[in-house]
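Please read these numbers as outputs of a predicted model, since none were measured by experiment. Just so you know, these numbers use all the heavy atoms, side chains as well, and skip hydrogens, waters and symmetry mates. Within every chain, numbering begins at 1; the chains are lettered A, B, ... in the order of the sequence lines, protein sequences first and strands thereafter.
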There are 2 protein chains.
Amino acid sequence: MQSKTSNDLLKFFIDTCKQQNLKVTPQRMAIYKELIKSKNHPSAEAMFQKVRRQFHNISFDTVNRTLFTFSEIGLIDIVEGHGRPRRFDPDMNMHHHFHCIKCGNITDFRNDAYDNLEIPENIKQKFMVIRKRVVLKGSCDKCSKRSEFSNAS
Amino acid sequence: MQSKTSNDLLKFFIDTCKQQNLKVTPQRMAIYKELIKSKNHPSAEAMFQKVRRQFHNISFDTVNRTLFTFSEIGLIDIVEGHGRPRRFDPDMNMHHHFHCIKCGNITDFRNDAYDNLEIPENIKQKFMVIRKRVVLKGSCDKCSKRSEFSNAS
DNA sequence: TGACAAAATAAGAATTATTCCTATTAAATA
DNA sequence: TATTTAATAGGAATAATTCTTATTTTGTCA
């Protein structure tokens, strides 16, 4: 069962690479295999440590670069975090964010429906929530224009 | 009008500092004044460049440390971003995040209501949205326990 | 199958962002 | 105005990432 699902995922991975004109290298396979085992949100360093156990002489740079490549073709996501460089927001009124995944800009927007979102009961019981925000990700107007036909290759 | 609002904000700033037993230094004043002028999400480096124009020999460390201090007492917010160290998420199913502002951990959770949030029309018209997520921030169960009486001081 | 062109890799240097360290200075209080 | 305690400047140290270059490998096609 486990291996069947795993094989399906590997097939999906290989197909995606071919579609995107990415070469299917043993390094990329090894990294992908570790990724589908990951339950949390690993850093590049954490992935490097895991992968090198199977792939003795893989370099950090390859792991890091490959993770970034995977995120570009939609195999994995880069999650938002308290980032570096840290960005400070002097606007303490409730508002929401649009992140451009290309240029990295964050745009504020207001939305009443989002402001009124309820915190789920199971979350309230476990965590002390002091702020909520809807984060939308995608491509901003400038970046969309710039690469309008980029996936027609 | 402008100066009145600005004075109110400065008064609020001074009161907040006193409440929190923080000294009101010229450096902190200068940094706060720049902050309330900021419309975007400046980095520490950007703030340093702005502030040093008024405050010739201020150090980067002071700016950075002060911004962090301000965020701790709720004067400003640290916004989520594509962070460093980057965190990669192999789970591409829709889910949401709880960020602990103390330990930095990000916890996944599922919520149907959140999944069904509509993208506002004005956003759709301007940006190409490919992902949405609700991000809750606060203190996780472990960190809440650890500092249960920390604000009684 | 073998050769070729383009892409990917390893290794380490370089860069960027941040935090730490410590002597000095300044704010708050009496 | 003297004292105590926190805050600062400046620079060293660290952490995370990206860049550079020579080498290797993949995918393709004869």
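We find that CZ of Arg86(B) is positioned 13 Å from C1' of dT16(C), with the value rounded to whole Å. What separates CE of Met47(A) from C1' of dT17(D) is a distance of 17 Å, to the nearest Å. We find that CG of Leu67(B) is positioned 15 Å from P of dA17(C), with the value rounded to whole Å. Remark: C1' of dA9(D) and CZ of Phe48(B) are 10 Å apart, rounded to the nearest angstrom. Note: CD (Glu72(A)) to P (dT18(D)) measures 11 Å, nearest angstrom. Look at CD1 on Ile31(A): it is 11 Å from C1' on dA8(C), rounded to the nearest Å. Following rounding to the nearest Å, Phe68(A) (CZ) and dT9(C) (P) show an atom-to-atom distance of 15 Å.
In terms of modelled atom types and a separation under 3.5 Å, the side chain of His99(A) and the main chain of Ile106(A) share no donor-acceptor contact. Judged by distance alone, with hydrogens and angles left aside, the side-chain atoms of Arg28(A) form no donor-acceptor pair with the main-chain N or O of Thr66(A) at under 3.5 Å. Between the side chain of Arg133(B) and the main chain of His95(B), a donor-acceptor pair closer than 3.5 Å is present. Put simply, the side chain of Lys102(B) never gets that close to the backbone of Ser144(B): no donor and acceptor are under 3.5 Å apart. With Lys137(B) contributing its side chain and Ile130(A) its backbone, the two residues share no donor-acceptor pair below 3.5 Å. No donor-acceptor distance shorter than 3.5 angstrom exists from the side chain of Arg87(B) to the backbone of Pro42(A), with no hydrogens or angles considered. For the pair Asn21(B) (side chain) and Cys17(B) (backbone), a donor-acceptor distance under 3.5 Å is absent. Not a single donor-acceptor pair under 3.5 Å links the side chain of Lys132(B) to the backbone N or O of Ile119(B).
Taking the six-membered ring where the residue is Trp, Phe98(A) and Phe127(B) present parallel rings, their angle staying beneath 30° rather than reaching 60°.
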Show me the side-chain donor-acceptor pairs of residues 45-56 of chain A shorter than 3.5 Å, one per line, residues at least two apart or across chains.
unit_1, atom_1, unit_2, atom_2, d
Glu45(A), OE2, Gln49(A), NE2, 2.8
Lys50(A), NZ, Ser38(A), OG, 3.4

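Taking a 6.0 Å sphere around CD of Glu118(A), one finds it holds 12 or fewer heavy atoms contributed by other residues, nucleotides or ligands. Heavy-atom contacts from other residues, nucleotides or ligands closer than 6.0 Å to NZ of Lys18(A) number 12 or fewer.
Side chain of Arg84(B), nearest nucleotide from dT8(D), dA17(C), dT19(C): dA17(C).
Ion pairing between a basic and an acidic side chain is recognised when a charged N comes within 4.0 Å of a carboxylate O; Arg110(A) and Asp91(A) show such pairing.
Among residues two or more places apart in sequence or in another chain, the ring-ring contact (aromatic ring centres under 6.0 Å, His included) test is passed with Phe70(B) by Phe13(B).
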Report, as a single string ordered 5' to 3', how protein heavy atoms within less than 4.0 Å touch nucleotides 25-30 of chain C: B base, S sugar-phosphate only, - not at all. --BS--
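Listed in residue order, the members of residues 55-64 of chain B having a heavy atom less than 4.0 Å from DNA chain D are Asn57(B), Ile58(B), Ser59(B), Asp61(B), Thr62(B). Interface residues of residues 39-46 of chain B facing DNA chain C, ordered by number: none; criterion, heavy-atom separation under 4.0 Å.
Applying the 4.0 Å criterion to OP1 and OP2 of dT8(D), one finds that Arg65(B) has a side-chain N or O inside that range.
An end-to-end axis angle of 40° holds for the helix from dT1(C)-dA30(D) to dA30(C)-dT1(D), taken from five base pairs per end and rounded to 10°.
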